[in-house]
S.K.: 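I have a structure here, written as structure tokens, and I will follow up with some questions on it.
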Amino acid sequence: MSRVEKKAPSVCTDLPLNNAEVCEKLHLMKELLKSCYGPRGRLKHVRNNIGGRVTTSSASSVILPALYSSQPLLNLIKTSVLNHISRFSDCGLFAGVFCLSLLEQARRHELRESLAIKVNKHCLSLCTSYLQRDDCACRVKIDFSSSQNLMTLAGSIISSKPACLLTEAEKLHISTMAVRAFLQTIPCSSPGPVTLGQTVTVTVRGLPVLDSAMFPGLLVETHDDFNQTDSSSELLRTVLFSTSLAGDLAELGDGTIEADPNLDTDLQILDQLLELGKQLVEDEVRLCVCQKVIHPVLQQYLRSHGVVVMERLGMALMEPLGTLAGTQPVATLHARIPSTAYGRVKNLSTKQFGFKTMLHLQADGEAAVCTAVLCHRNETMLDELKVVWRKTEDVLRLTLKEPSALLGGGCTETHLSAYVKHKGQQEASETAAGLRCSPAEFLLGVKVFCRSLDMVARSLEHDGGSSAMDLNHAHHWTVSANASEEDMAGGLGLCGCGLVENSSTEWTFLNTEYAEFCPAPLLGDSCRKPTVLDSFTAKVNALQVAVETANLALDVRYVIKDVN
């Protein structure tokens, strides 16, 4: 080296949450996530500064991985939210907005970091214990004997992503498909341990959304001509290869290969492949599928004997096809295939979706495998629809573990806020003594927590309006910017979740002070059903992740950054 640069010292930031530049970046991130929240959230165009593809989305699972920052606290929060999304798929924006609001509100009210951490933990325990109670007024039981709540839950998730640009009829169609696919993957009569099935997603660009469909079994794209008359109702013996059948020497394994120079190696390998083909024909195999490539000569031999050949299946379809056919993948071509490795499929046919021709494989009996074909008019909307479909699929599966949902539309947040504020007022002296602070300090911490929950509900409004809460059930309403006093005096209509109709004037704006009250439960004989639901498991975990991440950020004393 002609020149060696002197190593620069690390940069140390003391009390990063008191640093104006750090707080400005945290505020910017909060505003960005807020603007994406809810069914009327604003879309974001994400592009690398050196060029490349532009991604349009309002989903946290798409936006957060594309955001890069040199600020460690921002990266900490982003990583925490992404870890939650990787496990639960939903409520990433909720976790991010709530976490950042806790930090901002604590600084705005000049709450000591150590006290904020203690009060946040206490308020979180109040929320989680209340949500687990049978009399929780914002929790809805999922009844699997009826698909109504499942449809509402699926529709709420699909409606929350405006980049899909779906009409009401299209939302209903995709929601129905999602619930059908979810129910299809639940085995009904399988003996022994129950194993959930799988939904394979196939996307087709250029077709209307209403052309999307769900099929039991597996659809595999094929580029070969397939004679429809070859299909029959009888079972077809199937073999599945995970090794290449192209005759590559690399498939023989590691080590040194010694070959006689007088022998034609390629011919020897081809003879081995043809011996394998003869066994498949003798064993009356009708469908031969390979994860990788099949030698053209072997393909021609098998097809001349009436065997349907499919190659380049790919890793993603190996497991669902093995489950569907009841077969174990064959990993070698140098040993005789045991009869136990064969499986069976039935009703082999083709389906045409736009420019894609797909082979439809159905199971012999019950196999919890289905295929969802998602169609949309262009690539951007199709990508967003695929993201929302996966999220809906994961959230519906979470209901099997915890058959509950939470009221959507901001009603759960305002209800929890009113409940925590009420409990804080009732137990201020006793709790403050346990936390070794004054009752005033404790109530200030409770105020920070409740204001942060209210902020999440207020994030649903993006058109210059405001948010209101009734003083009876503590449900949430959005008030448009052009609403007159006469309109508001006549009632605010249905709340965010659709359960409460407020025809009185007993309400307050969320950004104003109001006297604490105990939220009253709804009457059990109400015939009105919620129109917006959120995932119970995902939101409870997002609540915990947001508070724990905020407490971790509040506890950071120094940030040391290596700038070399």
Side-chain angles (χ1 to χ4, degrees), residues 94-95 98-99 101-103 105-106 108-109 111-112 114-140 404 406-407 410-458 467-476 495-497 499-500 506-523 534 536 539-548 550-551 554:
F94 168 86
F98 185 42
C99 174
S101 296
L102 285 171
L103 297 177
Q105 290 292 327
R108 180 175 299 174
H109 290 84
L111 190 64
R112 289 185 291 112
S114 58
L115 179 60
I117 292 172
K118 294 178 183 179
V119 178
N120 285 345
K121 288 181 179 179
H122 177 75
C123 294
L124 175 63
S125 66
L126 288 177
C127 291
T128 53
S129 60
Y130 175 67
L131 291 173
Q132 296 291 344
R133 283 165 42 182
D134 292 335
D135 61 343
C136 176
C138 55
R139 181 178 176 183
V140 179
S404 300
L406 290 175
L407 300 178
C411 293
T412 293
E413 288 82 352
T414 54
H415 187 89
L416 285 177
S417 173
Y419 173 80
V420 170
K421 184 176 182 180
H422 170 72
K423 294 291 289 185
Q425 289 281 1
Q426 296 294 317
E427 304 170 359
S429 299
E430 180 182 353
T431 307
L435 297 179
R436 297 182 180 181
C437 64
S438 67
E441 289 178 318
F442 169 71
L443 290 176
L444 181 61
V446 171
K447 179 180 179 181
V448 166
F449 189 89
C450 295
R451 282 287 180 91
S452 300
L453 278 174
D454 291 341
M455 176 60 70
V456 180
R458 290 169 57 192
S467 295
M469 178 184 71
D470 74 292
L471 298 179
N472 186 19
H473 304 293
H475 279 230
H476 172 251
C495 67
C497 71
L499 276 182
V500 180
E506 294 296 321
W507 51 265
T508 181
F509 289 110
L510 288 183
N511 56 347
T512 59
E513 295 289 342
Y514 61 91
E516 61 86 13
F517 67 99
C518 182
L522 295 169
L523 296 178
D534 292 332
F536 177 85
K539 178 154 281 190
V540 170
N541 188 79
L543 186 70
Q544 295 171 333
V545 166
V547 174
E548 291 167 0
N551 286 349
L554 288 167

S.K.: If I compare all heavy atoms of A137 with all of P521, which pair ends up nearest, and what's the gap?
M.R.: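 Taking every non-hydrogen atom into account, CB-CA, 4.0 Å.
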S.K.: Can you tell me how far apart CD (Q544) and OG (S125) are? Round to the nearest 0.5 Å.
M.R.: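 Reported value, rounded in 0.5 Å steps: 11.0 Å.
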S.K.: Which heavy atom of L102 sits nearest a heavy atom of A546, and at what distance?
M.R.: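 Result for this residue pair: CD1-O, 4.3 Å.
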S.K.: Assess whether a salt bridge exists between K447 and E513, defined as any Lys/Arg side-chain N lying under 4.0 Å from an Asp/Glu carboxylate O.
M.R.: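 Salt bridge present between K447 and E513.
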S.K.: Is there a side-chain contact between C495 and H476, using heavy atoms and a 4.5 Å cut-off?
M.R.: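 SC-SC contact between C495 and H476 ruled out.
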S.K.: If you round to the nearest 0.5 Å, how far is CD of Q132 from OG of S404?
M.R.: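 So the gap between those two atoms works out to 8.0 Å.
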S.K.: Taking C-beta and beyond as the side chain, do K539 and E413 meet within less than 4.5 Å on heavy atoms?
M.R.: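 A side-chain contact exists here, since the closest heavy-atom pair is under 4.5 Å.
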S.K.: Looking at A428, is its backbone amide N or carbonyl O close enough to the side chain of T431 to form a donor-acceptor pair, meaning the two atoms are under 3.5 Å apart?
M.R.: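 Not confirmed, T431 side chain does not pair with A428 backbone.
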S.K.: On a heavy-atom basis, which atom in L554 and which in A116 lie closest, and how many Å separate them?
M.R.: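 Looking at all heavy atoms of both residues, the shortest contact is CD1-CB, 3.9 Å.
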S.K.: Would you find a donor on one side and an acceptor on the other, under 3.5 Å apart, between the side chain of T412 and the backbone of L407?
M.R.: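 It does hold such a pair.
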S.K.: Determine whether a donor-acceptor pair (N or O, by modelled atom type, separation under 3.5 Å) exists between the side chain of E441 and the backbone of S438.
M.R.: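 Here the side-chain-to-backbone pair exists.
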S.K.: Are V119 and F449 side-chain neighbours, meaning at least one heavy-atom pair lies under 4.5 Å?
M.R.: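 No, their side chains stay 4.5 Å or more apart.
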S.K.: How many angstroms lie between atom CG of N511 and atom CG of D454, to the nearest 0.5 angstrom?
M.R.: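 It comes to 9.0 Å.
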S.K.: From N120 CG over to N551 CG, what is the distance, rounded to the nearest 0.5 angstrom?
M.R.: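 Those atoms lie 4.5 Å apart.
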S.K.: Side chains of V140 and F536, heavy atoms from C-beta outward: is any pair under 4.5 Å?
M.R.: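 In short, these two side chains do not touch, never coming nearer than 4.5 Å.
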S.K.: Is a side-chain donor or acceptor of H473 paired with a backbone partner of A520 at a separation under 3.5 angstrom?
M.R.: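 Flag set: sc H473 to bb A520 pair under 3.5 Å.
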S.K.: Could you check if a side-chain atom of L131 sits within less than 4.5 angstrom of a side-chain atom of L406, using non-hydrogen atoms only?
M.R.: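 Answer yes - side chains close enough.
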S.K.: Please check if the side chain of S452 supplies one atom and the backbone of V448 the other of a donor-acceptor pair under 3.5 Å.
M.R.: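 Side chain of S452 to backbone of V448: a pair is present.
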S.K.: Does C138 form a side chain to side chain contact (heavy atoms under 4.5 Å, CB included) with Y419? I'd like the steps, not just the answer.
M.R.: CA-CA 11 Å; C138 55; Y419 173 80; over 6 Å; no
S.K.: So, taking the atom named CE in M455 and the one named OG in S417, what distance separates them when rounded to the nearest 0.5 Å?
M.R.: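 It comes to 11.5 Å.
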S.K.: Tell me the closest heavy-atom pair linking A418 and P519, and the distance in Å.
M.R.: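 Looking at all heavy atoms of both residues, the shortest contact is CB-CG, 3.8 Å.
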S.K.: Using every non-hydrogen atom in the two residues, find where A457 and S467 come nearest and quote the distance to one decimal.
M.R.: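 It is O-OG, 4.1 Å.
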S.K.: Is there side-chain contact between N472 and F517, with at least one heavy-atom pair below 4.5 Å?
M.R.: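 No. Closest side-chain heavy atoms not under 4.5 Å.
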S.K.: Report yes or no: is the cationic atom of K421 (NZ for Lys, CZ for Arg) closer than 6.0 Å to the six-membered ring centre of Y514, at no more than 45° off its axis?
M.R.: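 Yes, K421 sits over the ring of Y514.
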S.K.: Is the shortest side-chain heavy-atom distance between V420 and C127 below 4.5 Å?
M.R.: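 Yes. Closest side-chain heavy atoms under 4.5 Å.
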S.K.: F442 vs H122 aromatic rings, parallel, tilted or perpendicular, using cut-offs 30° and 60°?
M.R.: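 Rings of F442 and H122: perpendicular, as their planes differ by over 60°.
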S.K.: So for atom CZ, which belongs to R133, do other residues, nucleotides or ligands contribute more than 12 heavy atoms lying within a distance under 6.0 Å?
M.R.: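 Above 12, so yes.
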S.K.: Parallel, tilted or perpendicular, judged at 30° and 60°: which one describes the rings of H475 and H415?
M.R.: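 Perpendicular, since the angle between the ring planes exceeds 60°.
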S.K.: Just how far is it from atom CD1 of I117 to atom CG of L111, taken to the nearest 0.5 Å?
M.R.: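 Atom-to-atom, I117:CD1 and L111:CG are 10.0 Å apart.
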S.K.: Grab the two heavy atoms, one from H109 and one from L444, that are nearest each other, plus how far apart they are.
M.R.: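 What the structure gives for the nearest pair is O-CD2, 3.7 Å.
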S.K.: Begin with the C-alpha distance, continue with both residues' side-chain angles, and end with the deciding distance and a verdict on side chain to side chain contact (heavy atoms under 4.5 Å, CB included) for Y130 and R139.
M.R.: CA-CA 10 Å; Y130 175 67; R139 181 178 176 183; over 6 Å; no
S.K.: Is the shortest side-chain heavy-atom distance between T508 and M469 below 4.5 Å?
M.R.: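 T508 reaches M469 side chain to side chain.
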